[in-house]
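Any value given below was found using the heavy atoms of this structure, including those in side chains, with hydrogens, waters and symmetry copies removed.
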Amino acid sequence: MSSKKCRGSLTEKTLSPEELQTKINEIRKMIGPIADKLPTLCSDASILRFLRARNWNTKKAAKMLKDTLKWRLEYKPEKIRWEDVAHEAETGKLYKANYLDKLGRTVLVMRPGCQNTNSAIGQIRYLVYCMENAITSLNSDQEQMVWLIDFQGWNTVNVPMKLTRETAHILQDYYPERLGLAILYNPPKVFESFWTMIKPFIESKTFKKVKFVYSNPESLKIMEEFFDMDKLESAFGGRNSAGFDYESFAQRMREDDKKISDLIESGSSSPSLSSILSNSQLLDSLVSDHDASGEGASSSGDEGGSSNLENVDEKIQVQPPSCKDVANDDALKQPVSN
C-alpha cells in the first residue's frame, strides 16, 4: 500500500504539461458537449482542481465535476444575494476579512461560537454565498483561500453533527481545491473529541491543510508567517483591534453584489466578474430548457445525474467561450502541489 501511495505522490509532482492536458481533455470528453457551454466551470484550471481532488483519476474527477454542475443547476449559488442572507451575518459568525494573507489569498473568518440562527438551510445558504463571494474576490493568480476559525465561545451545541457533515460535503465536493490553509485558532480541549468524530468526513488532502494554532509565542510564529500582523485582527494575535463591524461588512457585500448586477445590465465584461455572468446565463438557459421539456430537474443515482446533463445538453446550441480563465495557462505551467 505504501508503494502505491509513493507512486501516486510522484505522479502528481512529475506530470508534464502534455500529460495534464491529456487528462483534462479526457474529462471534457466524458462530460460531453456541455463542457463547451460552460467554459469557466469547465476551464482547464477548473478541471485541474477536480483532478487534484481525485488524485488524477479521470473517471472520479469527471463524476465529481458532473455532480457539481448538477448541483449548480439546481441550487443556483451564483444567484444568492446579500439581502437573502444578511440576517445570518449579524453576529460575525462568517465573513470575508478586509485583508489578504501574505500570498495574496482571500481570507474567510469563521466564528462558530457566534451562531445566531437555527435553520441549517439558511446557514448553508450563507456559507455558499460567502464561498462564491470569496472566489470572485481572488486575485487572478490565486485559486485558493484561507480560513481563520476562531473558537472563542465554541461548544458542541454550536455545530450539530448533521450540519457539519453537510458543510464538509459542500465544501469538499462542490468547491474542490479552493482551500489553501485552514487555521483552527485556540480550539478548546473538548474540541479534540469533536475533531475525532468529524475526521472521517474530512478528506486527507483537506486534513493536511489544517493547522492548530494557540495563543503562545511558538504557535503565533505560524500567524506571522502567513499574515501581516498590523492587519491581522487582535483576536488571532494580530495588532488590528478593529474587529468585525456588521454595517461595514454589509456595505462591502452590497457593493460586490452591485458589481454583478451592473455587469449584467451593461453587458460589459471584466476578468473577475464575466465568469459569473457567463455561468449564470448559461445555467439559466440549461434549467429553463430542461424544465420546458417536462422532465424533472433532479434524479437519484449517478446515471440519473449524467442523464439530466445529457438531456439538457441536447436542447441548446453550442456557444463559444465568452470569457477567458486568466489562470489557465499558469496552472498548466506551474508544478502541481496541494
Only distances under 3.5 Å count here; give the side-chain donor-acceptor pairs of residues 246-253 to other protein atoms, sequence neighbours excluded, each with its distance to 0.1 Å.
residue: Tyr246; atom: OH; partner: Ala86; partner atom: O; Å: 3.3
residue: Gln251; atom: NE2; partner: Glu255; partner atom: OE2; Å: 3.2
residue: Arg252; atom: NH1; partner: Lys96; partner atom: O; Å: 3.2
residue: Arg252; atom: NH2; partner: Lys96; partner atom: O; Å: 2.9
residue: Arg252; atom: NH2; partner: Ala97; partner atom: O; Å: 3.2

Any link between Val146 and Met223 through a network of hydrophobic side chains (Ile, Leu, Val, Met, Phe, Trp, Tyr) touching at under 4.5 Å? yes
Sorted by chain and residue number, the side-chain hydrogen bond (donor to acceptor under 3.5 Å, both in side chains) partners of His169 (sequence neighbours excluded) come out as Asp173, Tyr174
Quick check on the hydrophobic clustering: are Leu94 and Ile121 connected, directly or via other members, by side-chain heavy-atom contacts under 4.5 Å? no
Residues passing the ring pair (Phe, Tyr, Trp, His ring centres under 6.0 Å) test with Phe226, sequence neighbours excluded, are none
side-chain contact (heavy atoms from CB on, under 4.5 Å) filter on Glu18, not counting sequence neighbours, yields Ser16
With sequence neighbours left out, the residues meeting ring pair (Phe, Tyr, Trp, His ring centres under 6.0 Å) with Tyr75 are Trp71
Quick test of your reading of the model: are Glu26 and Lys59 salt-bridged, counting only N-O distances below 4.0 Å?
no
### Query
Is the closest side-chain heavy-atom distance between Ile135 and Tyr175 below 4.5 Å?
yes
Less than 4.0 angstrom from a charged side-chain N to a carboxylate O is my criterion; do Glu132 and Lys76 meet it?
no
Sequence neighbours excluded, the answer for side-chain contact (heavy atoms from CB on, under 4.5 Å) partners of Ile198 is Met161, Thr164, Phe194, Trp195, Phe201, Ile202
Taken to the nearest 0.5 Å, the spacing of Arg54 CZ from Glu177 CD works out to 10.0 Å
Sorted by chain and residue number, the side-chain hydrogen bond (donor to acceptor under 3.5 Å, both in side chains) partners of Asn25 (sequence neighbours excluded) come out as Gln21
**Request:** Examine distances only and state if a side-chain atom of Thr117 and a backbone atom of Glu88 form a donor-acceptor pair shorter than 3.5 Å.
**Result:** no
Sorted by chain and residue number, the ring pair (Phe, Tyr, Trp, His ring centres under 6.0 Å) partners of Tyr185 (sequence neighbours excluded) come out as Phe236
### Query
Checking Asn139 side chain against Gln142 main chain: does a donor-acceptor pair fall under 3.5 Å?
no
query: Okay, side chain of Ser46, backbone of Leu41: is any donor-acceptor separation there less than 3.5 Å?
result: yes
For the pair Glu74 and Lys70, find out whether any cationic side-chain nitrogen is under 4.0 Å from an anionic carboxylate oxygen. yes
For Pro176 and Met64, the nearest pair of non-hydrogen atoms, with its separation, is CB-CE, 3.6 Å
Contacts of Lys102 meeting side-chain contact (heavy atoms from CB on, under 4.5 Å) (sequence neighbours excluded), chain-then-number -> none
Output for pair (Ile149 CD1, Phe191 CZ), nearest 0.5 Å, gives 7.5 Å
*Quick check: does any side chain N or O of Lys23 sit under 3.5 Å from a backbone N or O of Trp56, one acting as donor and the other as acceptor?*
yes
Applying side-chain contact (heavy atoms from CB on, under 4.5 Å) to Lys231 and not counting sequence neighbours gives Tyr99, Asp228
For Tyr126, the side-chain hydrogen bond (donor to acceptor under 3.5 Å, both in side chains) test, sequence neighbours excluded, returns none
Separation between CD (Glu166) and CG (Leu127), nearest 0.5 Å, reads 10.0 Å
Between the CD1 atom in Ile24 and the SG atom in Cys42, the distance rounded to the nearest 0.5 Å is 11.5 Å
Residue set satisfying side-chain hydrogen bond (donor to acceptor under 3.5 Å, both in side chains) with Tyr129, at least two apart, ordered chain then number -> Asp257
OG1 (Thr167) and CD (Gln172) are apart, to the nearest 0.5 Å, by 10.5 Å
